[in-house]
Protein chains: 2
Amino acid sequence: MEMTHASVEERPYAAAQRLLTGAGLRPTRQRLHLARLLFADGPRHLTAEMLAQEVYEHGLKLPLGTVYNALHAFARAGLLREVAVDGTRTWFDTHTEPHHHFVDANGRLADIPAGAIELARLPAAPEGQEIQSVEIVLRLKRI
Amino acid sequence: MEMTHASVEERPYAAAQRLLTGAGLRPTRQRLHLARLLFADGPRHLTAEMLAQEVYEHGLKLPLGTVYNALHAFARAGLLREVAVDGTRTWFDTHTEPHHHFVDANGRLADIPAGAIELARLPAAPEGQEIQSVEIVLRLKRI
DNA sequence: ATAGCTGCAAATGCTTTGCAAGGCC
DNA sequence: GGCCTTGCAAAGCATTTGCAGCTAT
């Protein structure tokens with residue numbers, strides 16, 4: 001009787017469960033909620049606060065600290081990527097392949113489609129170092 | 001007698017004075033000090049705190065708030081450029097021409113020489129917007 | 001059982017702001 | 001004199017941390 005009820009509630013989390021377990025993360029209730037919101041649809045760009053707000057709108061309330069902890073755990077596990085494009089807040093991107101971003105006048109992010117931007121030449125890295133990543137940001141303004 | 005003494009002390013500030021006045025900024029004592037440190041030599045990348053520390057080492061002590069005010073005034077006047085490459089602090093760059101940056105493992109910035117990096121293709125900006133700037137960051141790691 | 005999470009609240013670090021006093025034109 | 005800037009301290013924000021209690025394995 002518990003079983004039946006539980007399975008109805010938990011089925012939607014099955015994908016999230018696999019995702020977390022596969023990444024070596026404990027599938028806690030909080031993380032499952034977050035993963036479901038993050039990875040249900042296509043690529044997303046959001047801040048911890050935006051995500052906490054979404055959680056809240058879905059009827060659960062998570063402390064911001066927990067949301068940060070989870071997001072960092074996800075990022076460490078390779079499920080998310082942190083993007084630093086403005087000095088004030090951290091964006092988390094569910095799209096983890098190398099790609100670049102538009103930043104609009106309000107500071108919102110959008111992916112630049114793969115292949116739409118291309119480098120013709122890269123400098124050599126300074127002595128004793130190597131290039132780890134290339135990040136291109138195109139800042140937009142309204143016409 | 002005042003005259004002579006003053007001129008000896010103020011001569012080093014002549015260039016800074018012209019710079020500020022030319023940019024429409026009042027050449028206050030604090031700004032002159034800062035401008036002298038910032039623009040004496042080649043391109044520099046620093047944070048408000050680093051600059052305040054330098055001021056202190058030169059025998060004057062400026063509140064951080066004043067340093068921030070001055071840096072923002074300089075940036076508004078086009079003497080500096082703010083660079084957001086990490087989510088925690090704001091870098092100020094004395095090099096105002098369009099150019100790109102290396103960010104090393106410690107978060108320190110270095111200019112990428114003009115021409116060492118080149119774009120082959122840019123995406124179209126989304127509807128109703130246009131590209132204002134292109135910012136490329138090459139993150140480095142130690143080998 | 002136990003290593004790892006969560007919740008909460010306090011702490012942190014950078015940056016901004018308010019406002020009275022001071023300085024430049 | 002009038003407006004802008006400074007100094008100082010307090011406030012603001014996003015983020016992190018400490019720690020007791022909980023939970024997944």
Practice task
Just call it for A:Thr47: base, sugar-phosphate, or nothing, with non-hydrogen atoms closer than 4.0 Å on any strand.
Solution key: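 If one applies the 4.0 Å heavy-atom cut-off, A:Thr47 turns out to touch nothing in the nucleic acid.
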Practice task
Indicate, with a heavy-atom threshold strictly under 4.0 Å, whether A:Thr66 touches base, sugar-phosphate, or nothing.
Solution key: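 Touches a base.
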Is any side-chain heavy atom of [Y] closer than 4.5 Å to one of [X]?
{"X": "A:Ile136", "Y": "A:Leu138", "answer": "yes"}
{"X": "B:His95", "Y": "B:Arg81", "answer": "no"}
{"X": "B:Leu79", "Y": "B:Leu20", "answer": "yes"}

What residues form a side-chain contact (heavy atoms from CB on, under 4.5 Å) with [X], not counting sequence neighbours?
{"X": "B:Thr47", "answer": "B:Glu49, B:Met50, B:Arg89, B:Trp91"}
{"X": "A:Arg44", "answer": "A:Leu46, A:Glu54, A:Thr94"}
{"X": "A:Ala110", "answer": "A:Phe102"}

Exercise for the section: Can you measure from CG (A:Asp86) to CD (B:Glu82) and round to the nearest 0.5 angstrom? Expected result: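 One finds 11.5 Å between CG of A:Asp86 and CD of B:Glu82.
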Side-chain atoms of residues 28-39 of chain B: list all donor-acceptor pairs with protein atoms under 3.5 Å, sequence neighbours left out, distances to 0.1 Å.
from: B:Thr28; atom 1: OG1; to: B:Arg31; atom 2: N; distance (Å): 3.2
from: B:Arg31; atom 1: NH1; to: B:Arg26; atom 2: O; distance (Å): 3.2
from: B:His33; atom 1: NE2; to: B:Tyr13; atom 2: OH; distance (Å): 3.2

Exercise for the section: Identify, with sequence neighbours excluded, every residue that meets ring pair (Phe, Tyr, Trp, His ring centres under 6.0 Å) alongside B:Phe92. Expected result: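 Checked B:Phe92 against ring pair (Phe, Tyr, Trp, His ring centres under 6.0 Å); matches are B:His72.
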Exercise for the section: Could you list the residues that satisfy ring pair (Phe, Tyr, Trp, His ring centres under 6.0 Å) with B:His101, not counting sequence neighbours? Expected result: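 With neighbours one apart ignored, the set is B:His45, B:His99.
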Problem - Any residue of residues 50-61 of chain A with a heavy atom less than 4.0 Å from an atom of DNA chain D - result: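 When residues 50-61 of chain A is checked for heavy atoms under 4.0 Å from DNA chain D, there are no hits whatsoever.
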Problem - Nucleotide range of DNA chain C lying under 4.0 Å from chain B heavy atoms - result: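 Extent of the interface on DNA chain C: C:dC14 to C:dC25.
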May I have the distance from [X] (atom [atom1]) to [N] (atom [atom2]), rounded to whole angstrom?
{"X": "B:Leu32", "N": "D:dT5", "atom1": "CG", "atom2": "P", "answer": "13 Å"}
{"X": "B:Leu64", "N": "D:dT6", "atom1": "CG", "atom2": "P", "answer": "14 Å"}
{"X": "B:Arg31", "N": "D:dG7", "atom1": "CZ", "atom2": "C1'", "answer": "14 Å"}
{"X": "B:Tyr68", "N": "D:dT6", "atom1": "OH", "atom2": "C1'", "answer": "17 Å"}

Practice task
Note down the inter-axis angle between the two ends of the helix from C:dA1-D:dT25 to C:dC25-D:dG1, five pairs each, to the nearest 10°.
Solution key: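 Result, rounded to 10 degrees: 30°.
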Problem - B:Gln30 vs B:Gly87, nearer the 5' end of DNA chain D by closest nucleotide - result: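 Its nucleotide being nearer the 5' end, the pick is B:Gln30.
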Problem - B:Asn106, CG: over 12 other non-hydrogen atoms inside 6.0 angstrom - result: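 For B:Asn106, atom CG is crowded (more than 12 foreign heavy atoms under 6.0 Å).
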So which protein nitrogen or oxygen atoms get under 3.5 Å of nucleotides 18-25 of chain D's nitrogens or oxygens?
none

Tabulate below the donor-acceptor pairs under 3.5 Å that side-chain atoms of residues 123-131 of chain A make, not counting sequence neighbours, or state none.
none

Problem - N/O (side chain, A:His72) to phosphate O (OP1/OP2, D:dT15) under 4.0 Å - result: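 Checking A:His72 against D:dT15: no side-chain N or O falls below 4.0 Å of OP1 or OP2.
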Problem - Pairs flagged by salt bridge (Lys or Arg N to Asp or Glu O under 4.0 Å) wherever residues 100-111 of chain A is involved - sequence neighbours left out - result: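 Passing the test, one end in residues 100-111 of chain A: no pairs.
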